[in-house]
Engineer: 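Quick one: the structure is below, questions incoming.
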Amino acid sequence: MTDTTLPKTLQEAGVATETGSLPAHYSQLDAAEKAAWDMLEDGAASAKTAFHTPVLATVAPDGAPLARTVVLREASRVEKILRANTDQRSRKARDLAGESRAQLHFYDAAAKIQLRATVRADLLTEGEAHRRAWEASALGSRVCYLAVDAPGAPAPDPTSGLPVDADEGRRVAAERLEDGYGNFAIMRFHVEALDWLYLASQGHRRAIFDYVAGTRSWVIP
């Protein structure tokens with residue numbers, strides 16, 4: 001019988017539960033890893049999930065950390081790959097071009113789960129995968145890439161940065177949106193490790209899944 005005390009996101013992910021109110025991932029490494037990837041795949045598939053909008057942390061050329069929210073567009077537990085899109089003129093694109101190591105931070109308050117994914121990023125600006133990602137993007141998302149100047153460029157007044165024919169919610173033809181294709185890039189993240197944390201009043205649980213070393217273990221939260 002499904003434990004109704006569990007957050008809905010975990011029930012939908014099909015995570016089995018132990019006897020009582022604690023989920024199986026409280027004491028089973030297999031269940032913890034399954035829960036992590038279930039939530040990542042659900043996050044890529046649905047904007048209604050907390051994992052849909054993780055924080056991406058990169059390293060600037062001067063060594064400074066920079067963090068910002070991105071939208072998770074793809075997750076594959078088989079290939080151990082996550083994907084998000086960006087403007088190739090953006091600061092995060094420049095950071096990843098110089099230092100491919102990064103982290104993605106996810107947190108679902110209802111599920112009481114934090115996940116940190118240590119990744120190496122490929123920045124793709126052309127090719128079949130790049131084109132497929134563009135075509136899979138909603139038209140409303142493609143509008144952003146029509147911005148005349150790069151994200152973060154100074155502006156004398158509050159502005160979206162979009163040209164007049166695409167600003168203020170104006171409907172833009174699909175053909176016109178192609179003008180932004182040259183600014184579009186995908187960030188393909190190869191997951192090297194997952195650091196999984198579950199918060200519980202009975203005692204927190206934390207596990208690390210290292211896909212480079214091929215190891216997994218419980219650690220002190």
Side-chain angles (χ1 to χ4, degrees), residues 36-37 39-47 49-76 79-108 114-155 158-163 166-167 177-195 211-212:
W37 282 103
M39 295 178 74
L40 287 170
E41 290 181 341
D42 287 347
S46 174
T49 62
F51 275 28
H52 189 62
T53 49
V55 172
L56 168 65
T58 58
V59 181
D62 63 359
L66 292 170
R68 76 288 282 164
T69 301
V70 297
V71 177
L72 183 65
R73 298 296 186 184
E74 181 181 348
S76 171
E79 297 180 337
K80 301 295 185 289
I81 284 177
L82 307 174
R83 176 176 64 81
N85 302 332
T86 190
D87 189 311
Q88 62 178 280
R89 302 169 295 175
S90 67
R91 178 62 183 268
K92 58 183 171 291
R94 296 198 305 272
D95 288 347
L96 291 173
E99 172 55 81
S100 64
R101 293 176 299 173
Q103 275 202 340
L104 287 159
H105 173 269
F106 303 80
Y107 183 64
D108 187 322
Q114 172 187 272
L115 189 67
R116 289 187 297 163
T118 298
V119 302
R120 283 194 179 270
D122 291 332
L123 188 69
L124 304 182
T125 58
E126 60 183 3
E128 291 184 12
H130 178 260
R131 185 67 201 184
R132 285 197 304 270
W134 172 258
E135 293 177 351
S137 299
L139 297 183
S141 297
R142 297 185 206 180
V143 170
C144 300
Y145 300 99
L146 290 174
V148 177
D149 296 315
T159 177
S160 68
L162 294 172
D167 203 5
L177 293 175
E178 285 297 312
D179 293 341
Y181 180 61
N183 297 324
F184 178 74
I186 65 175
M187 298 175 291
R188 186 166 58 188
F189 303 109
H190 301 269
V191 180
E192 297 190 336
L194 291 178
D195 187 326
Y211 299 118
V212 176

Engineer: The criterion is side chain to side chain donor-acceptor pair (under 3.5 Å); which residues satisfy it with D149, sequence neighbours excluded?
Structural biologist: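 None.
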Engineer: R83 and A133: which non-hydrogen atoms are nearest, and at how many Å?
Structural biologist: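 Minimum heavy-atom separation between R83 and A133: NH1-CB, 3.6 Å.
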Engineer: For D42 and T49, test the side chains for any donor-to-acceptor distance below 3.5 angstrom and give the result as yes or no.
Structural biologist: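 Absent: no donor and acceptor within the cut-off.
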Engineer: What pair of heavy atoms forms the shortest contact from L146 to G180, and how long is it?
Structural biologist: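 Heavy-atom minimum between the residues: CD2-N, 3.5 Å.
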Engineer: Distance only, no hydrogens: is a donor on one side chain within 3.5 Å (strictly under) of an acceptor on the other, for T58 and R68?
Structural biologist: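 Note: T58 and R68 side chains meet the donor-acceptor criterion.
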Engineer: Looking at E126, I'd like to know if its CD atom is crowded, meaning that more than 12 non-hydrogen atoms belonging to other residues, nucleotides or ligands lie closer than 6.0 Å.
Structural biologist: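 It does not: E126 CD has 12 such atoms or fewer within range.
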Engineer: Going by atom types alone, do R120 and S100 pair a side-chain donor with an acceptor below 3.5 Å?
Structural biologist: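 Note: R120 and S100 side chains meet the donor-acceptor criterion.
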Engineer: Relative to each other, are the rings of F184 and H130 parallel, tilted or perpendicular (30° and 60° limits)?
Structural biologist: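 Because their plane-to-plane angle lies in the 30° to 60° range, the rings of F184 and H130 count as tilted.
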Engineer: Any sub-3.5 Å donor-acceptor pair from H52's side-chain atoms to G43's backbone N or O?
Structural biologist: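 Yes.
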Engineer: Just by modelled atom types, is the Q88 backbone N or O under 3.5 Å from a matching donor or acceptor in the T86 side chain?
Structural biologist: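 Between the backbone of Q88 and the side chain of T86 there is no qualifying donor-acceptor contact (under 3.5 Å).
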Engineer: Looking only at heavy atoms, which two atoms of S76 and W37 are closest? And how far apart?
Structural biologist: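 Closest heavy-atom pair between S76 and W37: O-CZ3, 3.5 Å.
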Engineer: Where the side chain of R89 meets the backbone of P151, is there a donor-acceptor pair that is under 3.5 Å apart?
Structural biologist: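 Checking the backbone N and O of P151 against the side chain of R89, no donor-acceptor pair under 3.5 Å is found.
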Engineer: Would you check if the side chain of E99 reaches a backbone N or O of R101 as a donor-acceptor pair within less than 3.5 Å?
Structural biologist: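 Confirmed, E99 side chain pairs with R101 backbone.
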Engineer: Would you confirm whether D108, through its side chain, and A50, through its main-chain N or O, come within 3.5 Å as a donor-acceptor pair?
Structural biologist: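 No, because the side chain of D108 does not come within donor-acceptor range (under 3.5 Å) of the backbone of A50.
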